[in-house]
Undergrad: 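Questions regarding the structure given below will be posed in turn.
Model, not experiment: these values are computed from the prediction. Residue numbering restarts at 1 for every chain, and letters A, B, ... go by the order of the sequence lines. These values consider heavy atoms only, across backbone and side chains, with no hydrogens, waters or symmetry-generated copies.
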Amino acid sequence: MPELPEVESIVRRLRPVLVGRTIETLDLVRRDIVTGDVGVEALPKRAIVQVRRHGKSILVALDPPLWLVIRLGMTGQCLVAPRGAPRPAHTHAVLTLSGEPWELQYRDPRRFGGWRLARSLNELTVAPDALALRRATWRAIISARRGQLRALLMNQKILAGLGNIYTNEALFAARLHPRREASRLSEAQREALYRAIKTTLRRGIRWGGSTIRDYRMPDGAAGRFQERFRVYGRAGRPCKRRCGARIEKLPAAKDAQPAFFCPRCQPSG
DNA sequence: TGGAATGTTCGGCT
DNA sequence: AAGCCGAACATTCC
């Protein structure tokens, strides 16, 4: 579920709650959600100096130096609740902060997400973050890769942050068909896609991300960007550019995740 | 009622 | 070797 705008929305709300506090206790209900260089007993007594994001990952900088990297997978949630509050089902870990009346609850029903304790971020940040993407970096990426545009945008090793929702929305904004060959875009189309990625992500953040189902901000609030989707999940409904066409949904069978696009605004040629 | 679908990522195969 | 496919998991929806 959570793509870049959802994770950014979470990070912005987590930051004022966590930064400057010290981890007091960790209650790890499921040990297997944590991996990394260091055991979880390393967490208590460390101070939280920074909360950042790269792509879809939450990066918590600790002192003495250590990174807690949280990836939410499809259904991960970081909730801030009063200390000792009831834990929702599938809560795998709970952090308390010294002297504070709240706790951080981590839950993830499908368990595609997890925590990683790392001494450095090295490999994690090799792919550029889609929101921080520089034009020169983008040009290097788009001119060096082949394959379908949609697959390229969703590949986290190439560009970090876009998932199915924002890929579909950005391709619509750039008026490019999801199946277009990435290496065959005109100069104008590359520029249009670069801008579309940025503006689409920023719109997603402005609306607090998209709540289709599980995604919540730390206080439990839902995002509202789903009200603004132009193609995602809108198969059969009219294009919002009022071009008269109906939004189409690509395969369903072959692709694990369906693509949505407007056949008139996003010609395959 | 069971089968399909869901926002992700990894490993394995070609 | 980069690119595609299925699997990992749990819940909801038809």
Undergrad: Rounded to whole angstrom units, what separation is found between the CD atom of A/Gln257 and the P atom of C/dC4?
TA: 14 Å
Undergrad: Assess whether one donor atom and one acceptor atom, taken from the side chain of A/Arg110 and the base of B/dT6, lie less than 3.5 Å apart.
TA: yes
Undergrad: A/Ser57 and A/Arg71: side-chain hydrogen bond (donor to acceptor under 3.5 Å, both in side chains), yes or no, with the steps?
TA: CA-CA 5 Å; A/Ser57 296; A/Arg71 270 187 310 194; 4.6 Å; no
Undergrad: Using distance alone, with no hydrogens and no angle criterion, decide if A/Arg52 and A/Gln50 have a side-chain donor and acceptor under 3.5 Å apart.
TA: yes
Undergrad: Output the rounded distance in Å from CZ (A/Arg146) to P (C/dC4).
TA: 11 Å
Undergrad: Is A/His90 near enough to C/dT11 that one of its side-chain N or O atoms lies under 4.0 angstrom from OP1 or OP2?
TA: yes
Undergrad: Please give, in whole Å, the distance from B/dT6 C1' to A/Tyr166 OH?
TA: 15 Å
Undergrad: Taking the side chain of A/Ala151 as heavy atoms from C-beta outward, which of B/dT8, C/dC4, B/dC10 is closest to it?
TA: C/dC4
Undergrad: It should be established whether A/Lys56 places a side-chain nitrogen or oxygen under 4.0 Å from OP1 or OP2 of nucleotide B/dT9.
TA: yes
Undergrad: Parallel, tilted or perpendicular, judged at 30° and 60°: which one describes the rings of A/Tyr166 and A/Phe225?
TA: parallel
Undergrad: If the P atom of B/dT9 is compared with that of C/dA1, how far apart are they to the nearest Å?
TA: 24 Å
Undergrad: So, is A/Gln148 close to the C/dG3 phosphate, meaning a side-chain N or O under 4.0 Å from OP1 or OP2?
TA: no
Undergrad: On a whole-Å scale, what distance lies between the P atoms belonging to B/dT1 and C/dC9?
TA: 25 Å
Undergrad: Please determine whether a side-chain nitrogen of the Lys or Arg among A/Glu187 and A/Arg139 lies less than 4.0 Å from a carboxylate oxygen of the Asp or Glu.
TA: yes
Undergrad: Please state how far atom CG in A/Leu153 lies from atom P in C/dC4, giving the value in whole angstrom units.
TA: 13 Å
Undergrad: Which value, in whole Å, describes the distance between the P atoms of nucleotides C/dC5 and B/dA5?
TA: 16 Å
Undergrad: In whole Å, I'd like the distance from the CZ atom of A/Phe112 to the P atom of B/dT9.
TA: 11 Å
Undergrad: Is it true that A/Arg150 and A/Asn164 share a donor-acceptor pair across their side chains at a distance under 3.5 Å?
TA: yes
Undergrad: Can you tell me how far P of B/dT6 sits from CD of A/Gln226, to the nearest Å?
TA: 16 Å
Undergrad: Does the C/dC9 base have a donor-acceptor partner in the side chain of A/Arg111 within less than 3.5 Å?
TA: no
Undergrad: Looking at the side chain of A/Lys249, which of B/dT8, C/dA2, B/dT6 is the nearest nucleotide?
TA: B/dT6
Undergrad: Using both distances under 3.5 Å as the test, list the Watson-Crick or G-U wobble partner of C/dC9, or none.
TA: none
Undergrad: At less than 4.0 Å, is any side-chain N or O atom of A/Arg71 found next to OP1 or OP2 of B/dC10? Yes or no.
TA: yes
Undergrad: As a test of reading the structure: which of B/dT9, C/dA2, B/dT6 is closest to the side chain of A/Arg145, going by heavy atoms?
TA: C/dA2
Undergrad: A/Ile33 has an atom CD1; how far is it from atom P of C/dA10, in whole Å?
TA: 14 Å
Undergrad: Hey, does the side chain of A/Arg228 reach the backbone of A/Arg224 with a donor-acceptor pair shorter than 3.5 angstrom?
TA: no
Undergrad: Measure the distance from CG on A/Leu250 to P on C/dC4 and round it to the nearest whole Å.
TA: 14 Å
